[in-house]
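These notes are about the structure you will find just below.
Chain A is the first sequence line, chain B the second, and so forth, proteins listed ahead of strands; every chain is numbered from 1.
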Number of protein chains: 2
Amino acid sequence: MAALYHHPAPEEITLLPLLRAVADPVRLGIIYHLHSLGEANCTTLLRGRPKSSMSHHFQVLREAGILQTRVEGVQHRNTLRLDVLEERFPGLMSAILRECPADLPEKI
Amino acid sequence: MAALYHHPAPEEITLLPLLRAVADPVRLGIIYHLHSLGEANCTTLLRGRPKSSMSHHFQVLREAGILQTRVEGVQHRNTLRLDVLEERFPGLMSAILRECPADLPEKI
DNA sequence: TTCATTGTTCCATGTTGATGGAACAATAAG
DNA sequence: CTTATTGTTCCATCAACATGGAACAATGAA
């Protein structure tokens, strides 16, 4: 496990990669779950998918600036970078998160 | 030319197809140009691309609910459905359009 | 040390979607 | 009718990306 992740600075976050990252059903699901749970690690959100696939999606979200990963022991806890995103593209993520299903946490 | 287009009703516009439609550089460019120009037909925005390719992108944007096409003689004039989008996903398109380059019209 | 857990990396495969030429359709003008 | 313009549709090709197995790395516990 690479203990270090590169999280892009706010100025490095650009719209098109961000949109591309969000425009995927699995990744949108990850975003919604993180929004509901506040924090989650990769395995928690697997729901039958292979780890390699989920790890890939977390990487895409990370490099797009959407989430940050904090290493805690053997787990890597992920949280949305809502403050940064709201500062960088006001209203964008909140518009997306408004569509978050209300019963998501139980679907895990 | 199919004289009729199907424009999805506001309730039929869903987030994921909308995000997928926007998450493409060519289509984001079309959106920005329509935002700058107010209205434009396909050929106006070609800028060296083949018509079949642009026609495809207009179709994707249309089916996602982002633009509507009005037939005027031999031309098909496209406009953004800003009112519908703002009603359906408040703040989403305005956040995207805020990133529209100021000098876009001259780039045509 | 040994084992379990977590997540990444590598790699091959498959699928989706963008690209672009060609033919066609629709409207308008000469 | 003929011609020009506009945009769609069909089709083949290509590239980007998601998928998922396997091996590996990192931390923690026994």
If you compare every side-chain N and O of [X] against the phosphate oxygens of [N] (OP1, OP2), does one of them come in below 4.0 Å?
X     : N     : result
B:T43 : D:dG7 : yes
A:Y5  : C:dG7 : no
B:N41 : D:dT6 : no
B:R62 : D:dT8 : yes

To the nearest Å, give me how far apart [atom1] ([X]) and [atom2] ([N]) are.
X     : N      : atom1 : atom2 : result
A:N78 : C:dG7  : CG    : C1'   : 10 Å
B:Q75 : D:dA4  : CD    : P     : 18 Å
A:L46 : C:dT5  : CG    : P     : 14 Å
A:E63 : D:dA18 : CD    : P     : 12 Å
B:R70 : C:dA26 : CZ    : P     : 20 Å
B:R77 : C:dT27 : CZ    : C1'   : 13 Å
B:L67 : D:dG7  : CG    : P     : 13 Å

Checklist line | Within 6.0 angstrom of B:E87 CD, more than 12 heavy atoms from elsewhere | finding: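 Not buried by this count: 12 neighbours or fewer within 6.0 Å.
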
Taking the side chain of [X] as heavy atoms from C-beta outward, which of [options] is closest to it?
X     : options               : value
A:H56 : D:dA18, D:dT9, C:dT9  : D:dA18
B:P50 : D:dT6, C:dG20, D:dT19 : C:dG20
B:R27 : C:dA18, C:dG7, D:dT5  : C:dA18

One thing to verify: whether A:E86 and A:R88 come together as a salt bridge, which I'm taking to mean a side-chain N less than 4.0 angstrom from a carboxylate O.
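Between A:E86 and A:R88 there is no salt bridge, as every charged N stays at least 4.0 Å from the carboxylate O atoms.
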
Not counting sequence neighbours, which residues clear side-chain hydrogen bond (donor to acceptor under 3.5 Å, both in side chains) with B:R62? List them please.
->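 B:R62: side-chain hydrogen bond (donor to acceptor under 3.5 Å, both in side chains) contacts with B:T69.
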
Check your understanding: For A:Q59, what residues pass the side-chain hydrogen bond (donor to acceptor under 3.5 Å, both in side chains) criterion, not counting sequence neighbours?
Key ->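 A:Q59: side-chain hydrogen bond (donor to acceptor under 3.5 Å, both in side chains) contacts with A:E63.
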
- Has the side chain of B:S53 got a donor or acceptor atom sitting under 3.5 Å from an opposite partner on the base of C:dG20?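 Between C:dG20 and B:S53, which were checked side chain against base, a qualifying N/O pair under 3.5 Å is absent.
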
Checklist line | Base D:dG21 to side chain A:S52, donor-acceptor N/O within 3.5 Å cut-off | finding: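 Side chain to base: pair found, below 3.5 Å.
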
Query raised in the report: Do B:H35 and B:L80 come within less than 4.5 Å of each other through their side chains, counting heavy atoms only?
Result: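 The answer is yes, as the side chains (C-beta and beyond) meet within the 4.5 Å cut-off.
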
Q.
Need to verify one output field. Residue with the more 5' nearest nucleotide on DNA chain D, A:R20 or A:G48?
A.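 With A:R20 and A:G48 compared, the 5'-side residue is A:R20.
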
Notebook entry, point to check: Toward the 5' end of DNA chain C, which comes first, B:E72 or B:H57, by nearest nucleotide?
Noted result: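 So the residue in question is B:H57.
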
